[in-house]
Amino acid sequence: MTLGWNILGILAWLILVLYLIFIVQNIRKRHLIMIVKDRKRFEWKTTLLDILEVLLLLCGAIYMFSITLFYNPDLENKQVLSSKIEYQPLILTAGNKRSYYVTAKSDNKKTPIQTYTFYSNGNRVTVTSNYATISDGKNPMSVQAGAIPYSSKQLVQADARYQNAYVATYTATYKKNWQNGLRMHAGKTAARYYLIRVPDRTFVRELK
């Protein structure tokens with residue numbers, strides 16, 4: 001079960017919370033003993049022990065934050081991720097003047113981000129250009145999709161099979177193991193990217 005592995009991360013956070021409660025009580029107890037019993041307001045031994053306990057808590061919290069919130073895996077790392085690429089033909093949409101496969105709409109004039117909408121496998125898909133790119137050249141692999149581990153050979157085969165009108169959906173999933181469980185990512189989607197292939201730019205309807 002996915003939850004079974006991710007319980008490791010939940011337990012790690014629980015231990016940190018319990019440790020926080022422990023050091024608060026422990027520091028308070030030591031300072032009370034130092035003031036009431038030893039009649040001192042400052043003692044190097046007590047202060048250094050306080051600092052050590054707080055540093056251990058900070059190190060643990062920074063480590064857990066880094067692996068749960070800021071972890072950015074290498075898409076080629078097969079020990080962490082499993083991936084698949086699905087190829088589906090695009091569905092042609094009839095327009096007033098010409099037919100098209102994709103609608104591209106600019107969302108914000110201040111930032112070069114577009115929203116792509118297309119139909120494939122009976123579904124309407126809308127995705128931003130942060131997670132998709134349109135390929136309309138001779139080479140099916142676009143520059144923007146270069147960071148995604150697509151297979152050039154499979155893309156060429158898809159060109160022939162779907163006549164340059166398809167979407168290649170790359171999906172990377174965190175493997176179900178203890179490392180990803182500690183990150184609380186086991187079984188979850190790490191990345192999804194759409195390579196939208198069209199014969200040429202005339203099959204893209206651009207809206208502003």
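The closest donor-acceptor contact from the side chain of S120 to the backbone of L90 lies at 3.5 Å or more, if one exists at all.
Heavy atoms from other residues, nucleotides or ligands lying under 6.0 Å from CZ of R124 number 12 at most. For Q163, the CD atom counts as loosely surrounded, since its 6.0 Å shell holds 12 or fewer non-hydrogen atoms of other residues, nucleotides or ligands.
The CZ atom of R183 sits 10.5 Å away from atom CE of M64, with the distance rounded to the nearest 0.5 Å. Once rounded to the nearest 0.5 Å, the distance linking CZ of F118 with CG of N123 reads 9.5 Å. Distance check, rounded to the nearest 0.5 Å: CG of L182 to CG of N177 gives 10.5 Å.
Closest heavy-atom contact between A132 and I196: CB-CD1, 4.3 Å. Across all their heavy atoms, G122 and I91 have their closest contact at N-CD1, 3.8 Å. Residues L155 and Y150 approach most closely at CD1-CB, 4.0 Å, considering heavy atoms.
Salt bridge D136/R197: absent, no basic N to carboxylate O contact under 4.0 Å.
For residues 76-101, the ring-ring contact (aromatic ring centres under 6.0 Å, His included) pairs, not counting sequence neighbours, are Y101-F203.
With contacts defined as side-chain heavy-atom distances shorter than 4.5 Å, the pair T128/Y116 does not qualify. Within the 4.5 Å cutoff, the side chain of V198 has no heavy atoms near those of the N164 side chain.
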### Message
side chain to side chain donor-acceptor pair (under 3.5 Å), that's the test. Do D50 and H31 meet it? Break it down for me.
### Response
CA-CA 10 Å; D50 293 345; H31 280 255; 2.5 Å; yes
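In terms of the ring-ring contact (aromatic ring centres under 6.0 Å, His included) criterion, residue partners of Y166 (sequence neighbours excluded) are, by chain and number, Y162. With sequence neighbours left out, L207 forms a side chain to side chain contact (heavy atoms under 4.5 Å, CB included) with T103, K105, R205. Every side chain to side chain contact (heavy atoms under 4.5 Å, CB included) that T169 has, sequence neighbours left out, goes to V167, T171, R192, Y194.
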Would you list the atom pairs, donor with acceptor, under 3.5 Å between side chains in residues 9-26 and any protein atom, with sequence neighbours excluded?
unit_1	atom_1	unit_2	atom_2	d
Y19	OH	E53	O	3.1
N26	ND2	E53	OE2	2.8

Please tabulate, for side-chain N and O atoms in residues 70-86, each donor-acceptor pair with protein atoms closer than 3.5 Å (sequence neighbours left out).
unit_1	atom_1	unit_2	atom_2	d
D74	OD1	E76	N	3.0
N77	OD1	Q79	N	3.1
S82	OG	T173	O	3.4

